[in-house]
Amino acid sequence: MTKLFLITGVSSGLGRAFAEAALQAGHTVVGTVRKQADAAEFEQLRPGKSLARILDVTDDDAVFRTVDEIEAEVGPIDVAIANAGYGHEGVFEESTMAELRAQFEVNVFGVVATVKAVLPYMRQRRSGHILGVTSMAGLITVPGTSFYQGSKFAVEGILETVGKEVAPFGVHVTAIAPGSFRTDWAGRSMVRTDRSLPDYDQVMNPVREHRLAASGKQLGNPRKAAEAVLHILDVPNPPAHLVLGSDALRLIANGRAAVDKEIEEWAELSRSTDFPDGAQLPG
């Protein structure tokens, strides 16, 4: 059965890979871009099936208006993929509050606006699948990307919670957590804060040098990522978290094991803060 997709950020990267795979499978895709030239190019991929909308996901009103127009003029959205986002690399102390706000405007508020815009329609129809592209950086931490990782941690938490709220309505929610994929994420899609504090050279310089050297040689294949995403759309119980890439699997497993170990080491102190007759939370 063919579906109508809404995918934000289809001009390049994983968003483009998702769109191309969906089109190849016979679905219709409404893809959002920032420039008219990108819109025209996208609509030539499969005329009549690849439909473009120019959208800035940080404009809440425009996001809601675009979804309303798609529902009225194209049809009911079956699958929404909130993909638009960008990376920020910088030592926490060197990075500015303006950079943090800009990062969250796109990576968090843009995703939330997209989800909020499509959700009422899906809830009323009692069907639909919402996906948000986060990152392995939303489940682990590494030095030099605190703003980016904070935004992805936020999206992971929001999507998991929304998924539990809407499950009774037949609406699925999945956070997609890719590892390193061969896209422009580490290139033109990355904002880098200028270095200014020599104290951080030892921790930051190797991270930046490795990321630049690996750009274009990443392990992950965007086409295969798109195939994985299409696969979970057809299973009865899709995952709340879909990790993509063996590097992501390894790093997330190591990171979670370290957290679990630390929690266990301090468990006695943690329990010592209870009232003896206090009520336990459910769950």
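- The backbone N or O of I54 lies less than 3.5 Å from no partner atom in the side chain of T32, so there is not a single donor-acceptor pair.
- With contacts defined as side-chain heavy-atom distances shorter than 4.5 Å, the pair P76/R125 qualifies.
- In this structure a side-chain-to-backbone donor-acceptor pair under 3.5 Å is present from T174 to P239.
- Rounded to the nearest 0.5 Å, atoms CG (L23) and NZ (K49) are 9.0 Å apart.
- Looking only at side-chain heavy atoms (C-beta outward), L14 and P222 come within less than 4.5 Å of each other.
- Applying the salt bridge (Lys or Arg N to Asp or Glu O under 4.0 Å) rule to E41 yields the partners R16; only residues at least two apart in sequence or on another chain are considered.
- A search for ring pair (Phe, Tyr, Trp, His ring centres under 6.0 Å) contacts involving F18 returns nothing, not counting sequence neighbours.
- In this structure, the side chain of T8 engages the main chain of A84 through a donor-acceptor pair within 3.5 Å.
- Atom CD of E69 has more than 12 heavy atoms from other residues, nucleotides or ligands within 6.0 Å.
- Going from atom OG of S270 over to atom CD of E264 covers 9.5 Å, rounded to the nearest 0.5 Å.
- The nearest pair of heavy atoms linking F104 to A154 is CE2-CB, 4.4 Å.
- Nearest approach of E94 to T193, heavy atoms of both residues: O-CG2, 3.5 Å.
- Judged purely by atom type and a 3.5 angstrom limit, N83 has no side-chain atom pairing as donor or acceptor with the backbone of I7.
- Nearest heavy-atom pair, V171 versus V166, reported as atom, atom and distance to 0.1 Å: O-CG2, 3.5 Å.
- Under the 30°/60° scheme for interplanar angles, the aromatic rings of H27 and F5 are found to be tilted.
- For R223 and E227, the salt-bridge test passes: some basic side-chain N is under 4.0 Å from an acidic carboxylate O.
- Heavy atoms only, all atoms of each residue included: K152 and S135 are closest at CG-CB, 4.0 Å.
- Linking ILVMFWY side-chain heavy atoms closer than 4.5 Å, directly or via other members, places L119 and V74 in a single hydrophobic cluster.
- In this structure, K116 does not pair ionically with D60, as no charged nitrogen and carboxylate oxygen lie closer than 4.0 Å.
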Could you go through the side-chain contact (heavy atoms from CB on, under 4.5 Å) check for S11 and K35 one step at a time? CA-CA 9 Å; S11 60; K35 300 175 182 177; over 6 Å; no
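- Cluster annotation: V155 and V229 are assigned to distinct hydrophobic clusters (Ile/Leu/Val/Met/Phe/Trp/Tyr, side-chain heavy-atom contacts under 4.5 Å, transitive).
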Determine, step by step, whether T141 and Q149 satisfy the side chain to side chain donor-acceptor pair (under 3.5 Å) criterion, reporting the C-alpha distance in whole Å, the side-chain angles of both residues, the deciding distance to 0.1 Å, and the verdict. CA-CA 7 Å; T141 61; Q149 295 191 259; 5.2 Å; no
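- A salt bridge links D234 and K3; the closest N-O separation between the charged side-chain nitrogens and carboxylate oxygens is under 4.0 Å.
- Of all heavy-atom pairs between L139 and A177, the closest is CD1-CB, 4.1 Å.
- Taking the side chain as every heavy atom from C-beta outward, L197 and V91 never approach each other to under 4.5 Å.
- Under the 4.5 Å side-chain criterion, counting only non-hydrogen atoms from C-beta, R195 is in contact with D201.
- Note on V115 and F153: separate hydrophobic clusters, where clusters join Ile, Leu, Val, Met, Phe, Trp and Tyr whose side-chain heavy atoms are under 4.5 Å apart, directly or indirectly.
- Side-chain atoms of R53 and V30, non-hydrogen and from C-beta on, do get closer than 4.5 Å to each other.
- Without hydrogens or angle criteria, T28 side chain to L4 main chain gives no donor-acceptor distance under 3.5 Å.
- Remark: I232 CD1 to H129 NE2 distance equals 4.5 Å, nearest 0.5 Å.
- Hydrophobic clustering (ILVMFWY, side-chain heavy atoms < 4.5 Å, transitive): V112 and M122 are in one cluster.
- Between V235 and N237 there is no side-chain heavy-atom pair separated by less than 4.5 Å.
- Applying the 6.0 Å contact sphere to CD of E268 captures no more than 12 heavy atoms from other residues, nucleotides or ligands.
- Residues I158 and V63 do not share a hydrophobic cluster, clusters being chains of Ile/Leu/Val/Met/Phe/Trp/Tyr side chains in contact below 4.5 Å.
- The heavy-atom pair separating P178 from A248 by the smallest distance is C-CB, 4.3 Å.
- A 4.5 Å side-chain heavy-atom check between E89 and Y148 finds every atom pair outside the cut-off.
- The structure places CG of L251 at 9.5 Å from OG of S246, a figure rounded to the nearest 0.5 Å.
- Counting only distance, with no hydrogens or angles, the side chain of N107 and the backbone of Y86 share a donor-acceptor pair below 3.5 Å.
- The neighbour count for R126 CZ, taken as heavy atoms of other residues, nucleotides or ligands under 6.0 Å away, is above 12.
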Audit row: V207, V142, side-chain contact (heavy atoms from CB on, under 4.5 Å) steps and yes/no: CA-CA 9 Å; V207 171; V142 295; 5.9 Å; no
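- Put simply, CG on L51 and CZ on R46 are 12.5 Å apart, with the number rounded to the nearest 0.5 Å.
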For a salt bridge (charged side-chain N to carboxylate O under 4.0 Å, His left out) check, start with the C-alpha distance between E160 and K164, then their side-chain angles and the critical distance, and finish with the verdict. CA-CA 7 Å; E160 182 176 326; K164 293 176 179 178; 3.6 Å; yes
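- Using modelled atom types, one side-chain atom of E71 and one backbone atom of I77 make a donor-acceptor pair closer than 3.5 Å.
- The structure places CG of L219 at 5.0 Å from CG of D247, a figure rounded to the nearest 0.5 Å.
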